[in-house]
Amino acid sequence: MPDILPVNRPPCGAGIEFNELFNWFAVAERDLPWRAADVTPWQIMVSEFMLQQTPVARVLPIWTDWVVRWPTPSATASATQADVLRAWGKLGYPRRAKRLHECATVIARDFADVVPDEVDVLEQLPGVGSYTARAVASFAYRKPVPVVDTNVRRVVARAVHGRADAGAPSARRDHADVEALLALLPTADRAARFSAALMELGAIVCTARAPRCGGCPLRNGCRWRLAGSPPATGQQRRPAQRYAGTDRQVRGRLLDVLRDNAVAVTRADLDVAWPVDAVQRERALASLLDDGLVEQLADGLFALPGQDRNDSTASR
DNA sequence: TAACCGTGGAT
DNA sequence: TATCCAAGGTT
């Protein structure tokens, strides 16, 4: 079960001053609603789905409404996919909404409406990968497991390894890095708070661009800073993914039309969303149908899955 | 491994 | 204006 540690792992705790980090976190911690004491594991899980590749500021209003409307897995499971996709709104990556709905269904059906507390079990749930499984186990159940996201990887890369940026993700290496740090904590019950503090530091101080090293609690021991803050080696940076004109944008436009219409729409209604390139539009629509984010009814009209085609509240 | 999957604010 | 980047997951 324990991972093999790399032989060139740095000395214990190098670059991380625990007391400084905890003291800083006690003062700097943002008052995020999913960190409140009365939030349930499911509601924490919902926040982790929404936060995947999405800034906190955009998640806040959606999560707040969501957990009031659907406070439990079974409540979420009994909603239609159409309602879930509409509540998701323009949060982005709508496949996450579908997977969250599926995840709720599995937990309600197979786990008596109780979110599992073991990483291995969590990772089998739809839409739950290595990060989300560990985040739920740690933040909801206080399990002393490493939680590694992009913030943690960046902080460790700088403070411990002295590099400007994290290298390519490697689950085994990344987990071993943080596991080694957790092992130095006085008691295992501080693991969750340690992970939250590392993530917070990466989010608001040790940022990807223009890190605020002057206000960093780790500035005295940070190996990157001690080395003179050398720039990234910048060897293999993939060309930035563009967005304008891609199938992703077209999918977004099509889904936007369907979210805004309470009744099923015609193909012509969809054509308006991306009028120029019919080939690309059809490809995007086919992929949405394939993903189960859109369905075509017997009469040929298109709608969000599970939507009542004759919804009397139609607003067109 | 790398491509793909949305969206919008910051720089 | 163009690029970066944000609590990743799946194939």
Side-chain angles (χ1 to χ4, degrees), chain A residues 29-30 32-35 43-63 85 88-100 102-103 122-140 146-156 165-172 174 178 192 195-204 206-212 232 234 236-259 273-274 280 283-284 286-288 290-294:
Chain A
E29 179 181 10
R30 290 170 296 177
L32 302 176
W34 44 85
R35 289 175 175 165
Q43 293 164 344
I44 291 173
M45 188 172 222
V46 171
S47 79
E48 295 301 344
F49 267 82
M50 292 182 174
L51 287 162
Q52 290 167 6
Q53 295 287 285
T54 307
V56 165
R58 296 236 310 278
V59 169
L60 283 171
I62 305 289
W63 181 88
L85 286 169
W88 194 262
K90 306 198 77 169
L91 208 48
Y93 292 139
R95 295 200 290 201
R96 289 183 298 164
K98 178 177 173 57
R99 288 172 185 150
L100 177 57
E102 293 167 355
C103 182
L122 286 161
E123 279 186 331
Q124 300 307 310
L125 295 170
V128 178
S130 176
Y131 164 75
T132 302
R134 292 163 185 278
V136 170
S138 178
F139 302 145
V147 182
V148 179
D149 75 330
T150 183
N151 290 308
V152 171
R153 281 169 28 75
R154 184 172 56 249
V155 172
V156 169
D165 292 303
S170 161
R172 192 169 57 247
D174 296 340
V178 177
S195 291
L198 271 192
M199 289 172 62
E200 193 80 337
L201 189 68
I204 65 183
C206 193
T207 51
R209 281 188 296 182
R212 301 163 176 80
Q236 77 295 346
R237 285 187 78 80
R238 290 186 296 109
Q241 55 172 356
R242 97 187 162 283
Y243 175 65
T246 62
D247 287 6
R248 297 161 74 180
Q249 184 182 27
V250 182
R251 283 166 55 104
R253 292 281 184 88
L254 296 175
L255 217 47
D256 206 26
V257 170
L258 292 165
R259 276 194 304 262
W274 195 260
Q280 188 180 29
R283 185 171 64 235
S287 75
L288 287 170
D290 192 54
D291 285 348
L293 292 170
V294 175

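The sequence lines fix the lettering, A, B, ..., with proteins before strands; numbering per chain opens at 1. These numbers were taken from a predicted model, which means no experiment stands behind them.
Straight-line distance from the CG atom of A:L100 to the P atom of C:dG9: 13 Å, rounded to whole Å. Put simply, CZ on A:R153 is 10 Å from P on C:dG8, counting in whole angstrom units. A:R134 has its CZ atom 15 Å from the C1' atom of C:dG9, to the nearest Å. Note: CD1 (A:I204) to C1' (C:dA6) measures 15 Å, nearest angstrom. As rounded to whole Å, 18 Å separates atom P of C:dC5 from atom CZ of A:R242. Regarding A:Y131, its OH atom lies at a distance of 13 Å from the P atom of C:dA6, rounded to whole Å. Between the CZ atom of A:R154 and the C1' atom of C:dG8 there is a distance of 14 Å, rounded to whole Å. Put simply, CZ on A:F49 is 13 Å from C1' on C:dA7, counting in whole angstrom units.
Nucleic acid contact class of A:T207 (heavy atoms, under 4.0 Å, all strands): none. Within 4.0 Å (heavy atoms only), A:L32 reaches at least one base atom of the nucleic acid. Among the heavy atoms of the strands lying under 4.0 Å from A:W34 is at least one base atom, whether or not backbone atoms are also near. Residue contacts shown for A:A208 are limited to sugar-phosphate atoms, with no base heavy atom under 4.0 Å away.
Residues passing the side chain to side chain contact (heavy atoms under 4.5 Å, CB included) test with A:T246 are A:R242, A:Y243, A:R248, A:Q249, sequence neighbours excluded. When the side chain to side chain contact (heavy atoms under 4.5 Å, CB included) test is applied to A:R95, the partners found at least two apart in sequence or on another chain are A:R99, A:R251, A:D291, A:L293. Evaluation of the salt bridge (Lys or Arg N to Asp or Glu O under 4.0 Å) rule for A:R153 yields A:D174 as partners, not counting sequence neighbours. Residues passing the side chain to side chain contact (heavy atoms under 4.5 Å, CB included) test with A:A133, sequence neighbours excluded: A:V119, A:L122, A:E123, A:V128. Not counting sequence neighbours, the partners of A:R30 by the side chain to side chain contact (heavy atoms under 4.5 Å, CB included) test are A:L32, A:R35, A:V56, A:E200, A:A203, A:I204.
Going from the P atom of B:dG6 to that of C:dT1 covers 26 Å, rounded to whole Å. The C1' atoms of B:dT11 and C:dA7 are separated by 22 Å, rounded to the nearest whole Å.
Of the two residues near DNA chain C, A:S47 and A:P126, the one whose nearest nucleotide lies more 5' is A:S47. Place A:G127 and A:E48 on DNA chain C by their nearest nucleotides, and A:E48 ends up nearer the 5' end.
Contact annotation: A:T132 side-chain N/O to C:dG9 OP1/OP2 distance is under 4.0 Å.
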| message | What does the B/S/- profile of nucleotides 5-11 of chain B look like, 5' to 3', with a 4.0 Å heavy-atom cutoff to protein? | response | BBBS---

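Between the CG atom in A:D149 and the CG atom in A:L198 there is a gap of 9.0 Å [rounded to 0.5 Å].
Between A:D256 and A:R259 a salt bridge is recorded (basic side-chain N to carboxylate O distance below 4.0 Å).
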